[in-house]
Amino acid sequence: MDDELNVVVRELAPTWIVMREYVADGLAGVYSASIGELFLEVEGWLKLRGFETDGLRRIGVPIMQGGELRRYWCGIEAPDALGEGDDAVALRELAGGRYAVLTLVKDSATIGEAIGRFHSEYVPAHELLLDPSRPPIEVYSAGKMEYCAPIQPEAS
């Protein structure tokens, strides 16, 4: 494939999200509708508490094991005035730090391939060292997705 990947390395601030967790239970590849429903449930939870959600980022966190999706955190950026979660949702902090950010058109038919190319081509070609202590973060907005892969800090 001749398409260049749109990647920048930048520091991301820690971010709090309100989230529900999807558990794959061997259903990898059949999860998109369930994940979408969980995002809607989190949005509904926030709206019931009087928060406007249009300006808040949608953030997904894939938890992989052996190359397969095991869990997925379906989150929305927590509003500043939010106190805590409850039995319906959890409040989690996503680690900040150095990330390689791949910006993609939000198209389920091409996202997986582009993320695969990022890992198989871009990471080795740019000698990036991924940080296994932090999961990747997927930030969704109208028409685009940012796949944020945590990378180890540069040696000083």
Side-chain angles (χ1 to χ4, degrees), residues 1 3 5-8 10 12-97 99-123 130-151:
M1 182 178 274
D3 296 337
L5 294 175
N6 181 5
V7 180
V8 295
R10 65 178 191 242
L12 299 182
T15 302
W16 284 92
I17 61 169
V18 179
M19 49 88 47
R20 299 264 336 255
E21 182 175 66
Y22 170 78
V23 179
D25 283 337
L27 298 176
V30 191
Y31 48 79
S32 61
S34 298
I35 286 175
E37 289 171 12
L38 289 177
F39 274 108
L40 291 174
E41 288 177 21
V42 173
E43 182 175 18
W45 186 92
L46 284 165
K47 286 182 176 182
L48 281 172
R49 280 144 188 84
F51 292 103
E52 176 55 50
T53 62
D54 288 345
L56 301 175
R57 295 178 298 163
R58 276 50 178 173
I59 300 174
V61 179
I63 310 295
M64 307 293 285
Q65 182 179 17
E68 289 190 24
L69 180 71
R70 293 296 181 196
R71 299 185 334 253
Y72 191 89
W73 296 354
C74 304
I76 296 179
E77 183 176 28
D80 290 336
L82 182 68
E84 12 181 273
D86 59 21
D87 289 341
V89 300
L91 189 60
R92 295 256 169 93
E93 183 178 24
L94 303 179
Y99 286 81
V101 180
L102 168 64
T103 302
L104 303 164
V105 172
K106 193 163 57 174
D107 176 3
S108 60
T110 60
I111 286 175
E113 179 185 351
I115 291 172
R117 285 186 53 226
F118 167 79
H119 284 282
S120 66
E121 298 171 17
Y122 189 90
V123 169
L130 298 179
D131 182 350
S133 70
R134 298 176 287 156
I137 299 169
E138 299 173 349
V139 181
Y140 299 93
S141 58
K144 74 173 186 173
M145 176 190 135
E146 291 179 324
Y147 176 79
C148 308
I151 54 177

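Positions are given from 1, in the same order as the sequence printed here.
Of all heavy-atom pairs between V42 and V18, the closest is CG1-O, 3.3 Å. The minimum heavy-atom distance linking F39 with I59 is given by the pair CE2-O, 3.7 Å. Annotation for P135 and I63: closest pair CB-CD1, 4.2 Å, computed over non-hydrogen atoms. Smallest separation of non-hydrogen atoms from V89 and R20: CG1-CD, 4.1 Å. Scanning all heavy atoms of the two residues, the minimum distance from P62 to Y72 falls at CA-CD1, 3.6 Å. The two atoms that bring A95 and R134 nearest to each other are CB-CD, 3.7 Å, heavy atoms only.
For the side-chain contact (heavy atoms from CB on, under 4.5 Å) with W45, the lone residue among E43, R49, K47, E41 that qualifies is R49.
Counting heavy atoms from C-beta on, the side chains of T15 and R57 come closer than 4.5 Å. Contact annotation: the side chain of T110 never approaches that of L104 to less than 4.5 Å [non-hydrogen atoms, C-beta and beyond]. Residues M19 and L38 fail the side-chain proximity criterion, which asks for heavy atoms closer than 4.5 Å. Side-chain contact between I151 and D131: absent, with no pair of heavy atoms (C-beta onward) separated by less than 4.5 Å. Side-chain contact between L94 and W73: present, with at least one pair of heavy atoms (C-beta onward) separated by less than 4.5 Å.
Classification of E146 and R10 as a salt-bridged pair holds, one side-chain N sitting under 4.0 Å from a carboxylate O.
Under a 3.5 Å cut-off, the side chain of E52 and the backbone N or O of D54 do form a donor-acceptor pair. No donor-acceptor distance shorter than 3.5 angstrom exists from the side chain of R71 to the backbone of V61, with no hydrogens or angles considered.
Atoms CG and CD, on L5 and E121 in that order, are 6.5 Å from each other to the nearest 0.5 Å. Atom OH of Y122 is separated from atom CG of N6 by 9.0 Å, given to the nearest 0.5 angstrom. Here the CE atom belonging to M145 is positioned 7.0 Å from the CG atom belonging to L102, to the nearest 0.5 angstrom. A distance of 13.5 Å separates CH2 in W16 from CD in E77, rounded to the nearest 0.5 Å. Rounded to the nearest 0.5 Å, atoms CD1 (I137) and OH (Y147) are 10.5 Å apart. Separating the CG atom in L69 from the CE atom in M64 is a distance of 5.5 Å, to the nearest 0.5 Å.
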